[in-house]
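The structure appears below as structure tokens.
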2 protein chains.
Amino acid sequence: MLSKKTKYGIKALTFLARQDSSKPVSIATISKSENISVKFLESILLTLKKNGILGSKKGIGGGYYLLKNPKDVPMTTVMRILEGPIAMVPCVSLNYYEKCDDCPDEDKCAVHRLMIQIRDNSLKVFRNTTLADLTN
Amino acid sequence: MLSKKTKYGIKALTFLARQDSSKPVSIATISKSENISVKFLESILLTLKKNGILGSKKGIGGGYYLLKNPKDVPMTTVMRILEGPIAMVPCVSLNYYEKCDDCPDEDKCAVHRLMIQIRDNSLKVFRNTTLADLTN
DNA sequence: TTATTATCCTAGTAATCCGATAGGGTAATA
DNA sequence: TATTACCCTATCGGATTACTAGGATAATAA
């Protein structure tokens with residue numbers, strides 16, 4: 001299941017991608033438009049900022065804005081920041097690999113081989129989709 | 001993340017698919033071979049039985065066995081029984097559809113459209129993979 | 001300068017889910 | 001009739017999730 005954090009994060013990012021990029025948008029504005037709790041959204045935008053996706057400005061007229069052109073933000077990046085690994089099991093994860101305790105030989109593991117296929121297909125979609133693609 | 005329940009379930013099923021189909025295999029046997037806790041495995045096999053994947057036999061020489069030919073058991077079926085919906089969000093689920101509270105128009109929702117692609121790709125893999133494919 | 005606005009940051013918390021275990025009951029076989 | 005092995009319900013600690021509280025900090029406007 002996709003977490004609400006990721007869901008809200010993607011919604012907020014596409015909202016920002018649709019705006020005039022020069023002007024910051026306040027949390028309150030995004031919150032109202034996308035029906036997301038202010039406080040929860042706050043924490044999500046903060047992690048996006050800490051990970052170099054968003055910039056921010058304080059005070060009156062302040063808010064968040066995209067640091068890059070939407071077409072240069074692939075969904076792999078967004079997913080990894082908000083959701084964590086794209087793979088369904090750690091033993092097939094590219095960025096968060098972990099060996100299974102119970103599995104003596106990954107190459108012979110049915111789950112492993114199946115989940116590699118799922119991962120590859122998901123990666124293809126996330127890599128080929130940018131924020132710009134989602135604004136239309 | 002794939003639950004351990006599903007992971008163990010797939011492992012147990014492929015183990016059974018490799019056996020002489022006429023003979024039941026005990027929980028203890030599968031448990032030892034696949035490094036799965038007996039009690040946990042017990043509950044997993046029981047749900048697979050209740051959902052028509054496995055048959056069972058009690059008493060000495062008893063155990064579980066596949067009710068169908070492994071090549072007639074697609075992973076879509078196994079996943080839906082053990083893991084639940086294949087989609088990452090209920091609003092794109094074929095078998096467990098649910099509308100989002102926050103989303104006024106699914107067709108205009110970025111998350112919705114992205115997750116449809118992910119679902120379609122995963123479905124393709126799970127549909128085209130049977131238990132027989134996983135035994136090799 | 002100071003009041004206002006809006007982000008920054010740490011903590012906490014209720015609810016839910018997960019993985020596993022307990023402890024019997026029931027049916028089949030020897 | 002004893003043993004084996006599945007059947008079934010209930011529980012439970014720990015982790016995660018989806019928030020919420022409450023104040024600190026910085027920028028702007030008066």
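Proteins come first, then strands; the chains are lettered A, B, ... in the order of their sequence lines, and each starts at number 1.
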*asked:* Would the distance check show the side chain of A/Tyr96 and the main-chain N or O of A/Arg80 forming a donor-acceptor pair, the cut-off being under 3.5 Å?
replied: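 Checked: pair present.
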_Keeping A/Tyr65 on the side-chain end and A/Gln19 on the backbone end, is there a donor-acceptor pair under 3.5 Å?_
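Pair absent, no side-chain N/O of A/Tyr65 close to backbone of A/Gln19.
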Using whole Å, what does the distance between atom [atom2] of nucleotide [N] and atom [atom1] of [X] come to?
{"X": "B/Lys11", "N": "C/dG19", "atom1": "NZ", "atom2": "P", "result": "14 Å"}
{"X": "A/Leu41", "N": "C/dC8", "atom1": "CG", "atom2": "P", "result": "12 Å"}
{"X": "B/Met1", "N": "C/dG19", "atom1": "CE", "atom2": "C1'", "result": "12 Å"}
{"X": "A/Asp102", "N": "C/dG19", "atom1": "CG", "atom2": "C1'", "result": "13 Å"}
{"X": "B/Lys49", "N": "C/dA27", "atom1": "NZ", "atom2": "P", "result": "11 Å"}
{"X": "B/Lys7", "N": "C/dA20", "atom1": "NZ", "atom2": "C1'", "result": "15 Å"}
{"X": "B/Leu46", "N": "D/dT9", "atom1": "CG", "atom2": "C1'", "result": "11 Å"}
{"X": "B/Leu48", "N": "D/dC7", "atom1": "CG", "atom2": "P", "result": "12 Å"}

*When you check the phosphate oxygens OP1 and OP2 of D/dA5, does a side-chain N or O of B/Lys57 lie under 4.0 Å from one of them?*
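For D/dA5, neither OP1 nor OP2 has a side-chain N or O of B/Lys57 closer than 4.0 Å.
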_C/dC8 phosphate, OP1 or OP2, under 4.0 Å from A/Ser56 side-chain N/O_ =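 Yes, such a contact exists.
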Could you tell me the separation between the [atom1] atom of [X] and the [atom2] atom of [Y], rounded to the nearest 0.5 Å?
{"X": "B/Ile10", "Y": "B/Leu82", "atom1": "CD1", "atom2": "CG", "answer": "7.0 Å"}
{"X": "B/Leu123", "Y": "B/Ile118", "atom1": "CG", "atom2": "CD1", "answer": "11.5 Å"}
{"X": "A/Leu13", "Y": "A/Leu45", "atom1": "CG", "atom2": "CG", "answer": "7.5 Å"}
{"X": "A/Leu48", "Y": "A/Ser56", "atom1": "CG", "atom2": "OG", "answer": "11.5 Å"}
{"X": "B/Gln117", "Y": "A/Ser122", "atom1": "CD", "atom2": "OG", "answer": "10.5 Å"}
{"X": "B/Lys11", "Y": "B/Ser33", "atom1": "NZ", "atom2": "OG", "answer": "9.0 Å"}

Check whether any side-chain heavy atom of [X] sits under 4.5 Å from a side-chain heavy atom of [Y], and report yes or no.
{"X": "B/Val78", "Y": "B/Thr6", "result": "no"}
{"X": "A/Leu54", "Y": "A/Leu66", "result": "yes"}
{"X": "A/Asp72", "Y": "A/Thr130", "result": "no"}

*How would you label the contact of A/Lys50 with the nucleic acid (heavy atoms, under 4.0 Å): base, sugar-phosphate, or nothing?*
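Sugar-phosphate: the residue A/Lys50, judged by heavy atoms under 4.0 Å, touches backbone atoms but no base.
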*Classify the nucleic acid contact of A/Leu45 as base, sugar-phosphate or nothing, counting any heavy atom under 4.0 Å across all strands shown.*
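Nothing, no nucleic acid heavy atom in range.
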*asked:* If we count only N and O atoms by modelled type, under 3.5 Å, do the side chains of B/Glu98 and B/Ser93 hold a donor and an acceptor together?
replied: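 Distance-only check fails for B/Glu98 and B/Ser93.
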Find every protein N or O atom lying less than 3.5 Å from an N or O atom of nucleotides 14-18 of chain D, and list the pairs.
residue: D/dA18; atom: OP1; partner: A/Lys4; partner atom: N; Å: 3.3
residue: D/dA18; atom: OP2; partner: A/Lys4; partner atom: N; Å: 3.3

*In residues 59-66 of chain B, which residues come under 4.0 Å of DNA chain D by heavy atom?*
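Output list: B/Gly59, B/Ile60, B/Gly63, B/Tyr64.
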Restricting both atoms to N or O, compile the protein contacts to nucleotides 22-24 of chain D shorter than 3.5 Å, with distance only.
residue: D/dG22; atom: O6; partner: A/Lys39; partner atom: NZ; Å: 2.2

